[in-house]
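The next block holds one structure in the form of structure tokens; read it before the comments.
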Amino acid sequence: MTRLLLDVDTGIDDALALAYLSSLADVELVAVTASPGNVDAIQVARNTLSILELCGRDGVEVAVGAESPLAIPLVTTPETHGPHGLGHAVLPEPRGTISPRDAVDVWVEAVRAQPGELTALITAPLTNFAMAIRREPRMPELLKNVVIMGGSFYYQGNTTPTAEWNTHVDPHAAKEVFQAYVGLPRDRLPIVCSLDSTERMEMNPEHVRRLAAAAGCGKEELVLPGQPEGLRSTSDNELIRHLSDALRFYFEFHRLYGQGYIAHVHDYFAAGVAAGTLSCTTRLATVDVETDSPLLKGTTVADYRNLWGKPPNARIVSSNHPAAAFDELVSSLGALAARRGQGHD
Ligand code: RIB
Ligand code: CA
């Protein structure tokens with residue numbers, strides 16, 4: 001059983017990651033916390049509750065913590081994920097409610113109660129995680145493993161020419177988190193799924209068609225570049241319908257920025273690494289983050305050659321397998337959608 005503590009900024013690819021993790025019988029979602037990022041933290045939490053309920057994971061604790069980055073104002077990205085964070089999808093209002101507990105309390109109490117048992121997956125700016133480490137400096141030792149989606153190493157950014165979104169939203173939090181891991185043993189260091197690996201995860205309309213087919217949908221799910229923007233899915237499967245509407249927005253966004261009618265599903269890849277279902281190789285590095293330069297704020301830098309004379313603090317993903325990853329997504333999430341469509345789990 002993989003027991004996960006998640007921090008998300010649900011968003012379209014966070015939602016896909018949550019749906020995928022919900023499809024895995026041997027994954028327990030211990031709790032999910034919401035960091036402000038793609039949308040504000042309350043909206044993140046509501047989106048998360050809704051997607052988990054759609055996937056049959058009612059009752060998972062969803063809590064909020066920080067409402068803004070550690071030291072700079074929050075900037076959200078409605079252009080990337082839509083005004084409410086899930087593209088064109090309009091999910092049912094969540095039946096569950098946001099936990100009264102603060103996200104940092106959720107993390108600190110969980111790792112203290114279950115030392116060495118929980119894997120952390122962060123697919124958001126690192127605000128809540130940094131605050132949890134401030135509160136409990138032993139966090140790196142108390143967690144079994146950590147997977148972070150964030151950063152970009154010797155690869156173009158997606159928010160500025162050098163910076164990736166999660167580290168750009170809260171560069172101070174990212175800097176603090178990486179600093180907390182300097183010098184720890186290799187197997188304690190965070191696995192970092194940065195753009196250089198996550199942008200290889202190009203989801204496309206054929207993947208959506210295959211996912212719907214795996215869910216047993218009555219008709220083909222066609223999300224095509226020539227269709228009107230915002231066309232809503234009429235799939236007979238509720239989960240497929242919402243994922244299709246969300247991903248269509250993401251395809252439209254990537255096309256608008258010259259990347260083709262595809263979607264980089266960054267967080268899905270990180271989720272598979274955390275769940276142990278997607279393989280990858282990693283490379284030790286010492287990572288630091290620019291927090292002050294107006295030109296380079298949020299930029300992550302990896303020292304692979306000990307030029308700084310500082311011990312490693314990260315295991316950066318150096319290779320992955322996109323085709324196998326999408327086969328896994330179609331198979332596992334398609335089966336969940338089929339079960340949900342038949343009124344099961
Ligand atoms: O840069 C990609 C990351 O930023 C993903 O986690 C996406 O959801 C956004 O939060
Ligand atoms: Ca995210």
Side-chain angles (χ1 to χ4, degrees), residues 4-21 32-41 43-48 51-52 62 64 66 68-69 74-87 89 103 120-129 146-153 155-171 173-174 177 190-203 243 246-247 249-251 253-254 257 259 262-274 289 297-300 316-317 320:
L4 293 179
L5 266 178
L6 286 86
D7 192 85
V8 297
D9 64 335
T10 310
I12 297 168
D13 58 331
D14 304 73
L16 186 69
L18 288 164
Y20 171 69
L21 291 171
V32 185
T33 56
S35 277
N38 290 325
V39 289
D40 66 78
Q43 187 64 50
V44 169
R46 294 179 56 75
N47 290 346
T48 300
I51 196 75
L52 288 175
V62 176
V64 298
S68 62
L74 172 63
V75 175
T76 58
T77 178
E79 66 279 3
T80 307
H81 294 269
H84 305 296
L86 293 175
L121 169 63
I122 301 105
T123 63
L126 288 159
T127 314
N128 280 337
F129 193 48
V146 181
V147 177
I148 293 170
M149 192 280 132
S152 187
F153 300 103
Y155 184 88
Q156 63 184 358
N158 64 357
T159 305
T160 70
T162 59
E164 176 276 328
W165 171 258
N166 288 332
T167 58
H168 188 265
V169 167
D170 196 340
V177 167
I191 296 174
V192 181
C193 305
S194 42
L195 291 186
D196 22 313
S197 63
T198 66
E199 286 200 352
R200 289 164 44 81
M201 293 292 152
E202 288 192 353
M203 192 160 186
L243 290 175
L247 286 163
F249 188 98
Y250 222 16
F251 293 155
F253 166 79
H254 285 78
Y257 283 82
Q259 295 179 294
I262 56 97
H264 294 137
V265 286
H266 314 272
D267 298 344
Y268 161 61
F269 172 61
V273 171
V289 187
K297 175 176 78 82
T299 299
T300 51
I316 300 173
V317 170
N320 57 14

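One-based numbering, in listed order, for ligands and for the atoms of each.
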Next item on the list: Nearest 10° is fine: what angle sits at the Ca ion (ligand 2) between OD1 from Asp14 and OD1 from Asp9?
Entry: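 The two atoms form an angle at the metal of about 90°.
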Checklist line | Where the Ca ion (ligand 2) is the vertex, angle from Asp267 OD2 to Thr123 O to 10° | finding: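 Between O of Thr123 and OD2 of Asp267, the angle at the Ca ion (ligand 2) is about 100°.
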Check: For ligand 1, which part of Thr123 has a heavy atom less than 4.0 Å away: the side chain, the backbone, both, or neither?
Finding: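 For Thr123, the contact with ligand 1 is made by the backbone alone.
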Next item on the list: Please state which part of Asp14 comes within less than 4.0 Å of ligand 1, counting heavy atoms only: side chain, backbone, both or neither.
Entry: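 Contact part for Asp14 vs ligand 1: side chain (C-beta onward).
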Notebook entry, point to check: To which of Glu199, His266, Glu164 does the heavy atom nearest atom 1 (O) of ligand 1 belong?
Noted result: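 Among Glu199, His266, Glu164, the closest heavy atom to atom 1 (O) of ligand 1 belongs to Glu164.
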Next item on the list: Going by heavy-atom distance to atom 4 (O) of ligand 1, choose the closest among Trp165, Tyr250, Tyr268.
Entry: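 Heavy atom nearest to atom 4 (O) of ligand 1 belongs to Trp165.
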Checklist line | Sole residue of Val146, Asp267, Leu6, Val147 in side chain to side chain contact (heavy atoms under 4.5 Å, CB included) with Ile122 | finding: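 Of Val146, Asp267, Leu6, Val147, side chain to side chain contact (heavy atoms under 4.5 Å, CB included) with Ile122 is met by Val146 alone.
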Next item on the list: Would you mind checking which non-hydrogen protein atom is closest to atom 7 (C) of ligand 1, with the distance to 0.1 Å?
Entry: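 I find the closest protein heavy atom is Asp13 OD1, 3.2 Å.
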Regarding [X] and [Y], is there a side-chain donor-to-acceptor distance under 3.5 Å anywhere?
{"X": "Thr48", "Y": "Thr10", "answer": "yes"}
{"X": "Thr159", "Y": "His168", "answer": "no"}
{"X": "Ser35", "Y": "Asp9", "answer": "no"}

Notebook entry, point to check: Is it true that Phe253 and Phe249 have ring centroids separated by less than 6.0 Å?
Noted result: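 Ring centroids of Phe253 and Phe249 are no less than 6.0 Å from each other.
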Notebook entry, point to check: Below 6.0 angstrom between ring centroids: does that apply to His81 and Tyr250?
Noted result: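 Here the rings of Tyr250 and His81 have centres that are less than 6.0 Å from each other.
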Next item on the list: Check each atom of ligand 1 against the heavy atoms of Asn158 and keep those under 4.0 Å away; list them by number with element.
Entry: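 Selected atoms, number and element: 1 (O), 2 (C).
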Item checked: Whether Thr76 side chain and Pro78 backbone form a donor-acceptor pair below 3.5 Å ->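 Checking the backbone N and O of Pro78 against the side chain of Thr76, no donor-acceptor pair under 3.5 Å is found.
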Check: Of all the atoms in Asn166, is at least one N, O or S atom closer to the Ca ion (ligand 2) than 3.0 Å?
Finding: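 So Asn166 does not count as coordinating the Ca ion (ligand 2).
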Next item on the list: Report yes or no: does Asp13 have an N/O/S atom closer than 3.0 Å to the Ca ion (ligand 2)?
Entry: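 So Asp13 does not count as coordinating the Ca ion (ligand 2).
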Check: Got an N/O contact under 3.5 Å between Asp267 and ligand 1?
Finding: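 So ligand 1 has an N or O lying under 3.5 Å from an N or O of Asp267.
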Notebook entry, point to check: To the nearest 0.5 Å, how far apart are CG in Leu74 and OG in Ser68?
Noted result: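 So the gap between those two atoms works out to 7.0 Å.
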